[in-house]
Each structure stands twice: as structure tokens, then as C-alpha cells.
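Remember, it's a predicted structure, so these values are computed and weren't measured experimentally. Every heavy atom of this structure was used, including side-chain atoms; hydrogens, water molecules and symmetry mates were not.
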Amino acid sequence: MKLGLVLEQLHRDEDDLAQHLLRVSERHKVDHEIYHLARDLAKWSQQHVREIAAIAGRYGRELDPEPKGENTLLEKIREKCSELVGRDAEAGLLLLRDLREAYIKACGVSADWELVAQAAQGIKHMDLLEVAQRCHAQNLRQMKWANGKLKESATQILVS
């Protein structure tokens with residue numbers, strides 16, 4: 001069943017989004033809103049990875065239920081660099097790039113969830129449809145946060 005392939009890609013995309021959000025939080029630790037919200041949003045994607053893995057076996061795919069862990073040494077280095085760099089011009093441009101990438105990744109995940117939801121609805125697999133609808137709703141909030149923060153930050157960084 002091709003739906004298993006889509007779930008496998010979605011699993012990979014959610015894990016990638018979680019990792020990116022964690023990196024964003026680490027790079028921009030001095031901005032407490034970015035740091036804490038990006039970590040919270042990453043937790044959603046990590047939970048989605050677990051839920052996809054739990055249901056993917058029914059569609060011929062055995063997926064790892066554990067999202068990739070963050071390298072603690074690398075995390076410490078990023079946090080220290082963030083503290084040292086603070087809010088200079090280059091850090092601002094890095095933030096814009098990171099938010100843009102988060103938005104793009106979240107949009108891709110959204111498209112994946114749409115595909116899964118449509119397929120689940122078409123084959124009348126209500127358990128998969130419920131997972132898709134719930135996770136997609138959280139993903140849409142991730143996407144809106146990244147887009148909103150990108151707009152807000154662009155005004156502050158590019159105009160000043």
C-alpha cells in the first residue's frame with residue numbers, strides 16, 4: 001500500500017521539523033520567546049513521530065517510535081554561541097533564515113498530513129483520519145507561529 005510510503009515520509013519530515021525547531025531554539029536562546037516556543041513546538045512534532053510509528057505498521061511500515069535525540073555537546077556549543085553573539089545584525093539575519101526554514105518545513109509537513117487525511121478518509125480508516133486531523137491541527141499552529149514570527153522579526157531586523 002502506497003500509504004505506508006507517505007507515512008514513512010511524514011515520519012521523516014516531522015522528525016526533521018522537530019530537529020530544526022530544537023536547533024532554532026538553541027541558536028536563539030537569548031530570545032526567550034523563540035527559545036521556549038520553538039522547544040514546545042518541537043515536542044509536538046516529536047509526539048507526532050511516535051503516533052505515526054504506532055499506526056504505520058498497519059500500512060506495512062515499521063518506523064522508529066523515538067524521535068532523534070539532540071546531541072547535548074552540540075546543543076551546549078550552540079547555546080554558548082547564542083549567548084556570545086546576542087542580538088547583533090548577523091544573528092538577526094540568522095534568525096530570519098531559521099524562521100523561514102521552519103516555516104517551509106512546517107508547510108511540507110502540512111501537505112503530508114493533508115495527503116494522509118485524504119487517503120484515510122477515502123479508505124474509511126477513521127483511526128488514521130483522527131490522528132491526521134489532530135496532528136495536522138498542531139502542525140498548522142507551528143506553521144502560523146513560524147510565519148508570524150518571521151513577519152514580526154523581519155520588520156524589527158530589516159528596518160532597524
Side-chain angles (χ1 to χ4, degrees), residues 1-29 31-79 81-82 94-153:
M1 181 175 273
K2 293 176 187 151
L3 187 52
L5 291 171
V6 175
L7 288 170
E8 186 174 359
Q9 181 64 49
L10 177 56
H11 182 267
R12 194 171 24 253
D13 290 346
E14 281 280 16
D15 203 27
D16 188 43
L17 177 57
Q19 291 302 304
H20 181 72
L21 288 167
L22 289 171
R23 281 191 305 273
V24 169
S25 77
E26 294 156 10
R27 280 189 192 126
H28 307 285
K29 187 177 183 180
D31 185 328
H32 295 288
E33 181 186 354
I34 295 285
Y35 179 78
H36 292 291
L37 278 170
R39 290 188 101 61
D40 289 345
L41 296 174
K43 287 177 188 173
W44 284 353
S45 283
Q46 290 172 331
Q47 182 57 38
H48 298 169
V49 166
R50 290 180 190 97
E51 292 189 50
I52 294 163
I55 204 164
R58 299 179 206 166
Y59 302 95
R61 292 289 187 248
E62 295 303 319
L63 304 173
D64 187 354
E66 283 307 307
K68 291 178 187 160
E70 184 65 28
N71 181 338
T72 57
L73 177 60
L74 186 56
E75 179 180 331
K76 297 293 181 202
I77 291 169
R78 285 184 186 136
E79 288 176 1
C81 288
S82 173
L94 177 60
L95 175 62
L96 292 178
R97 188 189 76 192
D98 285 344
L99 290 170
R100 178 183 175 274
E101 186 70 20
Y103 176 70
I104 290 168
K105 288 180 183 297
C107 287
V109 168
S110 177
D112 292 345
W113 279 121
E114 288 285 351
L115 293 173
V116 169
Q118 287 299 311
Q121 190 172 17
I123 59 175
K124 298 182 183 359
H125 287 200
M126 302 322 272
D127 54 343
L128 180 59
L129 180 60
E130 187 275 324
V131 168
Q133 289 173 334
R134 185 172 24 77
C135 293
H136 190 219
Q138 289 179 325
N139 165 251
L140 290 173
R141 290 194 297 249
Q142 291 170 317
M143 198 169 67
K144 287 177 186 176
W145 173 80
N147 188 40
K149 198 65 187 168
L150 182 62
K151 290 176 184 178
E152 173 189 319
S153 299

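Gln138 and Trp113 are not linked by any side-chain donor-acceptor pair at a separation below 3.5 angstrom, with hydrogens and angles left out of the test. Checking His20 against Glu101 by side-chain atom types alone, no donor-acceptor pair falls below 3.5 Å. His48 and Asn139 form no side-chain donor-acceptor contact under 3.5 Å, judged by distance and modelled atom types alone.
Proximity of a side-chain donor or acceptor of His11 to a complementary backbone N or O of Asp64 within less than 3.5 Å is detected. Judged by distance alone, with hydrogens and angles left aside, the side-chain atoms of Asp16 form no donor-acceptor pair with the main-chain N or O of Lys105 at under 3.5 Å. Side-chain N or O atoms of Gln142 include one that pairs as donor or acceptor with a backbone N or O of Leu41 at under 3.5 Å.
Partners of Glu130 under the side chain to side chain donor-acceptor pair (under 3.5 Å) rule, at least two apart in sequence or in another chain, are Arg134. Remark: Glu8 engages Arg61 in a side chain to side chain donor-acceptor pair (under 3.5 Å) (not counting sequence neighbours). For His136, the side chain to side chain donor-acceptor pair (under 3.5 Å) test picks out Ser110, with sequence neighbours left out.
Atom CD of Glu26 is separated from atom CG of Asp98 by 10.5 Å, given to the nearest 0.5 angstrom. Between the CD atom of Glu33 and the OG atom of Ser25 there is a distance of 13.0 Å, given to the nearest 0.5 Å. To the nearest 0.5 Å, atom CG of residue Leu7 and atom CG of residue Leu115 are 10.5 Å apart.
Applying the 6.0 Å contact sphere to CZ of Arg50 captures more than 12 heavy atoms from other residues, nucleotides or ligands.
For the pair Lys149 and Glu152, the salt-bridge criterion is met [side-chain N within less than 4.0 Å of a carboxylate O].
In this structure, Leu129 and Ala117 approach most closely via the heavy-atom pair CD1-O, 3.6 Å.
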